[in-house]
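Remarks on the structure that follows.
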There are 2 protein chains.
Amino acid sequence: MGIGNVTERRLAPPQVGISVVILALAPDRGEAGRGRLWLPLVRRVRQPYLGMWALPGGGLSADRTLESSAYKALESTTSLHPRYLEQLYTFGGPDRSRGGLPMVSIVYWALVGQAETRDLAEADNVKWFPEDELPELAFDHRRIIDYALWRLRNKIEYPDVAVRLVGETFTLGQLHDVYEAITGESIDLANFRRRILASGQLEDTGAKQRIGRHRPAAVYRYVSRPADPDDGERPDLWNPAQWARSDRSDGTTRTAGERAGNQDARAHADALSALAR
Amino acid sequence: MGIGNVTERRLAPPQVGISVVILALAPDRGEAGRGRLWLPLVRRVRQPYLGMWALPGGGLSADRTLESSAYKALESTTSLHPRYLEQLYTFGGPDRSRGGLPMVSIVYWALVGQAETRDLAEADNVKWFPEDELPELAFDHRRIIDYALWRLRNKIEYPDVAVRLVGETFTLGQLHDVYEAITGESIDLANFRRRILASGQLEDTGAKQRIGRHRPAAVYRYVSRPADPDDGERPDLWNPAQWARSDRSDGTTRTAGERAGNQDARAHADALSALAR
DNA sequence: CCAAAAGTGTTACCACTACACCCATGA
DNA sequence: TCATGGGTGTAGTGGTAACACTTTTGG
């Protein structure tokens, strides 16, 4: 691709790997503690950083997409099958290079539901850690995790993200707990319920679930496609036709928040300005 | 790029490059045509795709950050100095690999103001193209550009992005035109004015500028830091301390838009689901 | 005075917050 | 019956869209 446009270049090829930050909620919901976020780490069996904990990862292969490379790396190191996997950022730079070789990590982040959590066979070299009690980490993986958590907290506004952290089905109370766990704020349950239902992304399964000894709650399921015929396809990174100018066919109006900007956008912009003169 | 034979393919490191999508407004504002977006391309001087147009790009070096590699690649191919540079996405996958080698492109996108536009010495092998009249492009650069444009249109809600496309100083009318050019929608000027001023990101320079033969307009400047002492530092990708949970110290409440999610988040999520089962 | 862009005021609407309230259930 | 979480109603608030309106300039 862009390589070869520049005549002067004759550099040693960089080392490239894929790493994944997997996030999940603590398995239990209940009295004990509000759910914390946990993530699995693997112990390094090679130099450098031998014996230290690191993000699961792997290499690229020519016949896979980056996503499926990430997926496979995850599977082969932890047996987990995330339902949400998104490219987070690509890290590089002088502080990462070893022996004059640029070291590049393409980092994905993944969310797994509580049910899938069991898939992870904890072993000597794979272990869950709570987000706020991480061991010392290899490379700059600590920084990467912090960034992933920050992204999660700034992205939690989108219903689909939170939904991946609970199971396939869930009550609004459970989902509410997830939101509170992630944002760290307390959220009015009544308003939360209305908002989330109004988004049209949830579907009542008809089932009821009794959590404690109280009134049973309705069980919902996430539906990505609300029964809303007139809003166009959402863009798909692999389907360029969908990136065409859309004109908001869903008829919604833009609100202040959309315009004011989320931290996400700012972080990158500011990061640049701090650096590129 | 027929590097590597079949046997070494498995172990051969992937080829990694950096490419940049640079966006700018057409130099003229006036009656003629509403500003369109233009971008510079460079003509390839090597196989493959020899003679075709491609995104400016270059390689990585071990002693630079990815951003500064992008910045430098841009400078050396086009002499442009963008004031906005942000990592867009990293592309890879089987459709990109050549000769069994994974080919990865870390793509940045950049915005340059109309003033800086002159820095680009148009030559045989560097040329501006309007966004909607692109030539046939090398590799999958067309797709990348489409993605960058889509990102731009979905990020234009943030005042800082639009501001990079006009000059250092500008009238509200000019800024308004930029918004309309990018979104393709017509925006009520009166409301636009109020919103943008209310954001606190603009500062009246005191100067007046007469565009046509009409009433002169106030000239504004973008200020990233509103005189607003109690809202914390914005996160900086290179300063992990700032990723800490922030609790919205600026006292604003979240609005529907922030919660409902922008297309940005959806695109990635949907892309994944379309792929990773 | 006219045309055209700059800039202001006014109203109606709608999403959201806060909080009071009712419902269903097991003990 | 009580306690507890599930679930609903409703008044008030604040941001914004729509659009009418005033101001300033050159011709």
Side-chain angles (χ1 to χ4, degrees), chain A residues 29-32 34 157 159 166 169-180 183 185-202 204-220 247-248 250-261, chain B residues 29-32 34-35 157 159 166 169-180 183 185-202 204-220 248 250-261:
Chain A
R29 161 184 151 91
E31 36 197 278
R34 277 327 197 188
E157 336 272 2
V166 285
T169 59
F170 45 85
T171 68
L172 291 186
Q174 290 172 322
L175 191 60
H176 174 251
D177 287 354
V178 172
Y179 271 75
E180 290 198 331
T183 62
E185 302 169 10
S186 76
I187 299 167
D188 184 291
L189 180 56
N191 295 328
F192 174 80
R193 148 188 302 281
R194 266 184 297 253
R195 267 201 331 258
I196 207 84
L197 289 177
S199 80
Q201 310 244 42
L202 298 194
D204 192 334
T205 62
K208 300 281 177 186
Q209 182 180 341
R210 182 157 38 250
I211 303 271
R213 55 214 161 288
H214 316 299
R215 174 178 177 176
V219 175
Y220 290 87
D247 287 283
R248 291 243 161 173
D250 58 359
T252 57
T253 55
R254 292 171 214 242
T255 61
E258 290 180 284
R259 202 172 288 106
Chain B
R29 160 186 153 90
E31 40 200 272
R34 274 330 194 187
E157 336 271 3
V166 285
T169 60
F170 46 85
T171 69
L172 291 185
Q174 289 173 322
L175 192 60
H176 175 251
D177 287 353
V178 173
Y179 271 76
E180 289 197 332
T183 62
E185 303 170 8
S186 76
I187 300 167
D188 183 288
L189 180 55
N191 295 329
F192 174 79
R193 150 188 302 282
R194 267 185 296 254
R195 266 202 333 257
I196 207 83
L197 289 178
S199 79
Q201 310 243 45
L202 298 195
D204 192 335
T205 63
K208 300 281 177 186
Q209 182 179 342
R210 181 158 39 251
I211 304 269
R213 55 211 161 290
H214 317 298
R215 175 177 177 176
V219 176
Y220 290 86
R248 291 248 161 168
D250 59 359
T252 57
T253 54
R254 293 172 213 244
T255 62
E258 291 180 281
R259 203 172 287 106

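Given the structure is predicted, the values throughout are model-derived calculations rather than measurements. Residue numbers start from 1 in every chain, and the chains themselves are labelled A, B, ... in the order their sequence lines are given, proteins ahead of strands.
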Take the protein atom CD of Gln174(B) and the nucleotide atom C1' of dA5(C), then report the distance between them rounded to whole Å. 13 Å
Between Arg213(A) and Ala198(B), the residue closer to the 5' end of DNA chain D by nearest nucleotide is Arg213(A)
Atom OH in Tyr220(A), atom OG1 in Thr171(A): separation rounded to 0.5 Å? 9.5 Å
For atom CG of Asp188(A) and atom P of dT8(D), their distance in whole Å: 14 Å
Nearest listed nucleotide, side chain of Pro216(B), among dT24(D), dA17(D), dT8(D): dT24(D)
To the nearest Å, how far apart are Arg193(A) CZ and dA18(C) P? 18 Å
Leu197(B) CG to dA6(C) P, straight-line distance once rounded to whole Å: 13 Å
Rounded interatomic separation in angstrom, taking CD from Gln209(B) and P from dT25(D): 15 Å
Output the rounded distance in Å from CG (Asn191(A)) to P (dT13(D)). 16 Å
Decide yes or no, distance alone: a donor-acceptor N/O pair under 3.5 angstrom between the base of dA6(C) and the side-chain of Arg215(B). yes
Once you round it to whole Å, what is the distance between P of dA18(D) and CG of Leu189(B)? 14 Å
Check: Thr169(B) side chain, Val219(B) main-chain N or O, donor-acceptor pair, under 3.5 Å: no
Mind checking if Ala218(B) touches a base, just sugar-phosphate, or nothing, with heavy atoms under 4.0 Å? sugar-phosphate
Of Phe192(A) and Arg194(B), whose nearest nucleotide on DNA chain C comes first from the 5' end? Arg194(B)
Does Arg210(A) have a side-chain nitrogen or oxygen under 4.0 Å from the phosphate oxygens OP1 or OP2 of dG5(D)? no
In this structure, how many angstroms lie between the P atom of dT16(D) and the OH atom of Tyr179(B), rounded? 12 Å
For the side chain of Lys208(B), starting at C-beta, report the closest nucleotide among dT8(D), dG7(C), dC19(D). dG7(C)
Any idea which of dA6(C), dA17(D), dA27(C) is nearest the Ala217(B) side chain? dA6(C)
Rounded to the nearest 0.5 Å, what's the gap from CG on Asp188(A) to CZ on Arg195(A)? Could you check? 8.5 Å
Check: Tyr179(A) and Ile196(A) side chains under 4.5 Å, non-hydrogen atoms: yes
Do the side chains of Phe170(B) and Leu202(B) get nearer than 4.5 Å, heavy atoms only? yes
Of the listed nucleotides (dG9(D), dT8(C), dG5(D)), which one gets closest to any side-chain atom of His214(A)? dG5(D)
From the set dC16(C), dT8(D), dG9(C), return the single nucleotide nearest to any side-chain atom of Arg195(A). dC16(C)
